Asker: 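One structure, as structure tokens, below. Some questions next.
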Amino acid sequence: MSTDSRPPTDPTTILDARFRAAIHAVSALDADPQIRLSTNPNFGDYQANAAMSLAKETKGNPRDLAGALAAKVDLAGIAETPVIAGPGFLNIRLERSFISAMLQAMDNASLGVEPTKETHAAVVDLCGVNVAKQMHVGHLRATIIGDTIARVFERLGRKVWRENHLGDWGLPIAMTLAALRRSRVDLDRLSLTDLNDAYRRAQLEGRSDDAGLAAARATGVGAHRLAELQAQAESAGEAIQDAKATLLRLQGGDPEVVAAWQKIIDCTMREVYASTSTLNAKVGAEHNRGESFFRDRLAPVVEAFQSAGLAKEDQGAIVVPFADRERPLLIRKSDGGFLYATTDLAALRFRTHDLDGSRVIYVVDARQRDHFKDVFDAAAMIGWDRTRDGNKSEITHLGFGTVLGKDKRPLKTRSGENFTLKDLLDEAMERGVAEVTRRAQDPNAPTHGMRHAELEWVGRAVGIAAIKYADLSNDLTKDYVFDLDRMVAFEGDTGPYLQYAHARIANILAKAMDSAAQIASAAHAVHEPAERALALHLLRYPQMVLDVARTLETHRIGAYLRTLAECFNAFYQSCPVLKSEDASVRQSRLRLCALARRVLQDGLSLYGIDAPERM
RNA sequence: GUCCCGGUAGCUCAGCUGGAUAGAGCAGCGGCCUUCUAAGCCGCAGGUCGAUGGUUCGAAUCCAUCCCGGGACGCCA
């Protein structure tokens with residue numbers, strides 16, 4: 001894959017090339033030199049680990065081989081002669097001039113991140129809200145993880161489609177519509193809470209308890225209870241009939257029903273956009289492509305599978321069987337209706353073919369793993385896993401874990417409801433504003449005397465950063481414990497810690513009073529260990545972005561930024577900038593600060609986290 | 001029953017896809033603000049990496065078998 005072109009400003013790239021050449025010269029093999037960061041700064045900056053595995057292949061002595069490589073490798077102007085250690089490690093210490101040169105090369109508009117050559121699009125399925133339902137913590141993940149993945153691809157210069165696959169079609173929506181029409185509420189004055197209640201009422205009404213009825217008969221409960229259950233089943237039947245009739249009118253384009261349908265979508269989406277805007281996630285109306293969009297593409301999906309001989313009838317339904325597993329994929333019900341698998345197949349073909357996506361990513365709850373495996377395999381069988389020009393697409397279900405409460409159970413309110421996303425965000429922002437306001441009381445605080453509106457903006461940014469960082473900086477596939485108290489402690493490994501480091505840098509740069517041009521004209525130089533550590537870490541930024549694009553592991557961004565903030569804070573502690581005695585030291589440190597600030601801000605922007613100048 | 005995903009410090013989590021003495025953050029203990037923001041920095045303490053075998057120079061990482069927890073399994077999405 002071409003995504004693995006290495007950043008020219010990363011020392012690893014140069015070391016890899018030089019050692020590869022040395023290996024070839026010594027053994028005539030083209031092998032991975034296994035350049036890694038040093039595990040211990042006392043050993044050096046990098047290490048080459050290839051000698052051991054290479055010696056195994058050639059049945060040679062690893063230390064002898066390491067010695068031969070050290071003698072052969074050309075590191076003039078790059079690093080000192082590598083030192084052999086242990087069973088055959090080669091420890092590498094870069095020359096200061098080389099680090100400065102790499103910094104200089106990286107310190108450009110793109111921060112060393114080179115635009116990708118891939119011209120096909122990346123498609124990210126994110127957010128995934130259902131019409132008439134409030135967003136809850138699960139949507140938090142689907143939204144911000146998807147947004148971050150999209151931002152990473154955009155950062156690499158790729159065409160990105162954010163696809164909000166709304167649940168806006170089918171019987172559940174019709175049931176809600178029917179229930180609302182029966183209760184004659186004014187759809188123009190509908191709040192999302194009303195709508196959500198109607199949705200749940202409709203679900204309850206529609207739940208025909210046939211199983212319960214049968215069980216009741218079998219166990220011989222009293223006549224009264226039996227009659228009650230029967231009545232419930234009958235009214236459920238009526239509600240279903242009403243819903244089915246409404247669905248028919250909706251599908252038939254009945255203007256009145258369609259207008260009502262549009263209104264409940266608008267009502268739902270108003271709050272969705274409010275939340276995505278609060279979250280600083282780029283999800284808007286232009287990204288909507290819901291189930292209704294694919295309604296005319298469902299029958300052709302089934303037909304395509306049938307005519308390709310990939311589908312068969314089973315108990316009246318149409319299924320796609322797989323060679324390697326028992327469970328088939330159901331694509332048409334015995335009553336002729338379609339299922340979400342049918343819609344997903346239509347959407348997948350749309351994404352690879354119509355949107356020309358060579359990378360299609362579904363940011364959806366991990367519990368749907370089996371479902372997506374089936375859909376992806378079925379799509380591959382019929383050849384829908386290809387772009388318009390026939391390129392094979394990489395299709396991934398990025399399944400995220402469940403958000404848990406402190407009791408390690410899925411996060412619920414005391415009454416057993418899902419937490420609404422809005423409440424969660426409101427509370428986080430409230431805590432952020434309270435904290436920022438409290439600190440601004442201190443006359444020595446940089447935020448002292450700041451305008452109220454600005455203080456609020458900073459506080460909200462802090463609260464949102466806390467939530468987003470806590471989510472995105474963990475391994476996505478695992479469940480995680482949502483503990484607001486810990487998140488808004490704003491100490492240690494948190495979003496605000498990163499913002500704080502950024503504000504400190506911004507403060508130095510503001511107090512320096514040097515123009516950007518003045519700073520940019522200074523020479524990069526690294527002398528102190530803290531400067532060196534910071535510089536080396538900055539050079540890793542472009543590779544980190546590539547790694548995230550490849551693995552979709554958003555927590556790499558968080559880990560990188562946390563280390564960056566740590567490096568900077570250590571530098572801040574031991575290396576005075578404005579108070580340094582030497583003018584050229586002041587200038588080079590100022591330049592290092594400016595670069596660190598831009599990388600930190602750029603990295604935070606991949607998470608969609610704002611970086612205030614003061615806090 | 002079949003399949004999938006987890007198990008690392010008291011708690012919450014990393015561990016760069018096989019490398020050197022397993023790392024952070026909270027919580028605990030001890031230092032550092034007349035000096036660029038203490039939302040910070042420095043240090044101490046804390047571990048049979050679920051268990052047992054195996055693969056090899058080398059395993060938290062790969063393989064096998066168990067134990068524990070969670071999840072998914074045809075006409076909902």
Side-chain angles (χ1 to χ4, degrees), chain A residues 34 36-40 43 47 49 52-53 55-56 62 85-89 91 128 130 167 170-172 203 291 314-319 325-335 337-341 343-344 365-371 373 399 401-402 404 406 408-410 435-436 439 442 444-447 462 470 473-475 477-481 483 486 489-494 496-501 503-512 540 543-544 547 551 553 555-556 558-559 562-563 565-566 568-570 572-580 589 593 614-615:
Chain A
Q34 300 182 39
R36 301 287 132 84
L37 287 172
S38 256
T39 51
N40 184 329
F43 295 155
Q47 56 188 51
N49 296 346
M52 278 93 73
S53 50
K56 191 193 287 189
F89 296 105
N91 288 326
N130 289 312
L171 198 58
Q203 292 293 311
E291 291 168 349
D314 188 13
Q315 297 167 43
I318 307 294
V319 302
R325 71 195 87 127
E326 290 297 312
R327 100 184 100 87
L329 181 66
L330 203 59
I331 56 173
R332 197 177 79 190
K333 299 195 277 186
S334 50
D335 68 1
F338 304 109
L339 297 104
Y340 72 131
T343 314
D344 279 335
D365 193 311
R367 284 174 296 195
Q368 295 199 35
R369 188 170 283 130
D370 288 352
H371 165 70
K373 179 172 172 52
T402 306
L404 307 175
K406 281 185 232 182
K408 298 270 196 157
R409 305 293 309 164
E435 187 65 13
V436 168
R439 287 171 187 274
D442 181 350
N444 295 320
T447 49
V462 166
S473 64
N474 278 337
D475 184 344
T477 59
K478 293 190 187 175
D479 296 350
Y480 82 102
V481 174
D483 182 348
R486 201 182 70 231
F490 305 148
E491 283 169 358
D493 189 8
T494 63
Y497 173 80
L498 304 180
Q499 291 174 313
Y500 181 69
R504 280 178 138 185
I505 310 177
N507 196 243
I508 291 177
L509 293 170
K511 284 190 175 170
R540 297 176 57 199
Q543 185 64 55
M544 183 278 291
D547 288 343
T551 63
E553 291 171 357
H555 72 273
R556 288 172 187 255
R562 184 183 61 247
T563 302
E566 276 166 7
F568 175 77
N569 280 329
Y572 184 92
Q573 202 75 21
S574 61
C575 300
V577 179
L578 303 178
K579 312 208 169 207
S580 65
R589 286 184 179 167
C593 282
R614 287 183 291 167
M615 64 181 277

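If you're wondering where the values come from, they're calculated on a predicted model, not measured in any experiment. Proteins come first, then strands; the chains are lettered A, B, ... in the order of their sequence lines, and each starts at number 1.
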Asker: Walk me through whether A:Asp547 and A:Gln543 qualify under side-chain hydrogen bond (donor to acceptor under 3.5 Å, both in side chains).
Answerer: CA-CA 6 Å; A:Asp547 288 343; A:Gln543 185 64 55; 3.0 Å; yes
Asker: Could you tell me the separation between the OH atom of A:Tyr500 and the P atom of B:G25, rounded to a whole number of Å?
Answerer: 16 Å
Asker: At 4.0 Å (heavy atoms only), tell me whether A:Phe490 reaches a base, stays on the sugar-phosphate, or touches nothing.
Answerer: base
Asker: Looking at the base of B:A20, is there any donor atom on it, or on the side chain of A:Asn91, that sits under 3.5 Å from an acceptor on the other one?
Answerer: yes
Asker: Between C1' on B:G71 and NZ on A:Lys373, what's the gap in Å once rounded to a whole number?
Answerer: 17 Å
Asker: Output the rounded distance in Å from CG (A:Leu329) to C1' (B:G74).
Answerer: 10 Å
Asker: In whole Å, what is the span from the CZ atom of A:Phe89 to the P atom of B:C57?
Answerer: 15 Å
Asker: CZ of A:Arg325 versus C1' of B:G1: gap in Å, rounded?
Answerer: 19 Å
Asker: Tell me the interatomic distance from A:Tyr572, atom OH, to B:C32, atom C1', rounded to whole angstroms.
Answerer: 14 Å
Asker: Let me spell it out: for each of A:Arg540 and A:Ala503, pick the nucleotide of RNA chain B with the closest heavy atom. Which residue's pick is nearer the 5' end?
Answerer: A:Arg540
Asker: What string of B, S and - do you get for nucleotides 2-15 of chain B 5' to 3' if you count protein non-hydrogen atoms under 4.0 Å?
Answerer: --SSSS----SSSS
Asker: Using a 4.0 Å heavy-atom cut-off, does A:Ala85 contact any base of the nucleic acid, only the sugar-phosphate backbone, or nothing at all?
Answerer: base
Asker: Under the criteria of a ring-centre distance below 5.5 Å and an interplanar angle below 30°, is A:Phe43 stacked with the base of B:A20?
Answerer: yes
Asker: Using the six-membered ring for Trp and the full ring for Phe, Tyr or His, decide whether A:Tyr497 stacks on the six-membered base ring of B:A39 (centres under 5.5 Å, planes under 30°).
Answerer: no
Asker: Identify the two heavy atoms, one from A:Asn91 and one from A:Phe43, that lie closest to each other, and give their separation to 0.1 Å.
Answerer: CB-O, 3.1 Å
Asker: B:G58 P sits how many Å from A:Gln34 CD, rounded?
Answerer: 16 Å
Asker: Using heavy atoms to find the nearest nucleotide of RNA chain B for A:Val577 and A:Thr551 separately, return the residue whose nucleotide is more 5′.
Answerer: A:Thr551
Asker: Applying side-chain contact (heavy atoms from CB on, under 4.5 Å) to A:Glu566 and A:Tyr497, what does each step give before you reach the verdict?
Answerer: CA-CA 9 Å; A:Glu566 276 166 7; A:Tyr497 173 80; 3.4 Å; yes
Asker: Quick one: are A:Lys373 and A:Arg325 in side-chain contact, heavy atoms under 4.5 Å?
Answerer: yes
Asker: Judged by atom type as modelled, is there a donor-acceptor pair below 3.5 Å linking the side chain of A:Arg614 to the main-chain atoms of A:Pro446?
Answerer: yes
Asker: For RNA chain B, just give me the dot-bracket, please: Watson-Crick or G-U, both distances below 3.5 Å, ( ) intra-strand, [ ] crossing earlier pairs, | paired with another strand, . unpaired.
Answerer: (((((((..((((.....[...)))).(((((.......))))).....(((((..]....))))))))))))....
Asker: Using a 4.0 Å heavy-atom cut-off across all strands, classify A:Lys56 as base, sugar-phosphate, or nothing.
Answerer: base
Asker: Tell me the closest heavy-atom pair linking A:Glu291 and A:Thr343, and the distance in Å.
Answerer: CG-CG2, 4.1 Å
Asker: What's A:Arg614 touching, base or sugar-phosphate or nothing? Going by heavy atoms closer than 4.0 Å.
Answerer: base
Asker: Select base, sugar-phosphate, or nothing to describe what A:Ser53 touches, counting heavy atoms under 4.0 Å on all strands.
Answerer: base
Asker: Can you see which heavy atom on A:Asp479 is nearest to which on A:Gly401, and at what distance?
Answerer: OD1-CA, 3.4 Å
Asker: Which of these nucleotides, B:G19, B:A27, B:A38, is closest to any side-chain atom of A:Arg36?
Answerer: B:G19
Asker: Atom CG of A:Leu37 to atom C1' of B:U17: distance rounded to whole Å?
Answerer: 15 Å
Asker: Do A:Lys333 and A:Leu339 make a side-chain contact, defined as non-hydrogen atoms from C-beta onward lying under 4.5 Å apart?
Answerer: yes
Asker: Closest approach to the side chain of A:Arg439, judged atom by atom: which nucleotide of B:G19, B:A39, B:A24 is it?
Answerer: B:A39
Asker: Ignoring hydrogens, what is the shortest heavy-atom contact between A:Ser473 and A:Gly558? Give both atom names and the distance.
Answerer: CB-CA, 4.4 Å
Asker: With a 4.0 Å cut-off on heavy atoms, is A:Cys575 in touch with a base, just the backbone sugar-phosphate, or nothing at all?
Answerer: base
Asker: Is the glycosidic angle of B:C33 within 90° of 0, making it syn, or outside that range, making it anti?
Answerer: syn
Asker: How would you label the contact of A:Gln47 with the nucleic acid (heavy atoms, under 4.0 Å): base, sugar-phosphate, or nothing?
Answerer: base
Asker: So do the side chains of A:Arg439 and A:Glu435 get within less than 4.5 Å of each other, counting heavy atoms only?
Answerer: yes
Asker: How would you label the contact of A:Ala445 with the nucleic acid (heavy atoms, under 4.0 Å): base, sugar-phosphate, or nothing?
Answerer: nothing
Asker: Could you tell me whether the side chain of A:Arg589 and the main chain of A:Pro576 form a donor-acceptor pair under 3.5 Å?
Answerer: yes
Asker: Within the sub-3.5 Å range, which N or O atoms of nucleotides 75-77 of chain B have a protein N or O partner, and how far apart are they?
Answerer:
{"from": "B:C75", "atom 1": "O2", "to": "A:Ser334", "atom 2": "N", "distance (Å)": "2.6"}
{"from": "B:C75", "atom 1": "O2", "to": "A:Ser334", "atom 2": "OG", "distance (Å)": "3.1"}
{"from": "B:C75", "atom 1": "N3", "to": "A:Ser334", "atom 2": "OG", "distance (Å)": "3.4"}
{"from": "B:C75", "atom 1": "N4", "to": "A:Gln315", "atom 2": "O", "distance (Å)": "3.1"}
{"from": "B:C76", "atom 1": "OP2", "to": "A:Lys333", "atom 2": "NZ", "distance (Å)": "3.1"}
{"from": "B:A77", "atom 1": "O3'", "to": "A:Glu291", "atom 2": "OE2", "distance (Å)": "2.3"}
{"from": "B:A77", "atom 1": "N6", "to": "A:Tyr340", "atom 2": "OH", "distance (Å)": "2.1"}

Asker: Can you confirm whether A:Phe568 sits close enough to A:Cys593 that some side-chain heavy atom of one is under 4.5 Å from a side-chain heavy atom of the other?
Answerer: yes
Asker: Is there a side-chain contact between A:His555 and A:Asn474, using heavy atoms and a 4.5 Å cut-off?
Answerer: no
Asker: Is B:U17 in the syn range, within 90° of 0, or in the anti range?
Answerer: syn
Asker: Nearest 0.5 angstrom please: A:Arg540 CZ to A:Thr563 OG1, how far?
Answerer: 7.0 Å
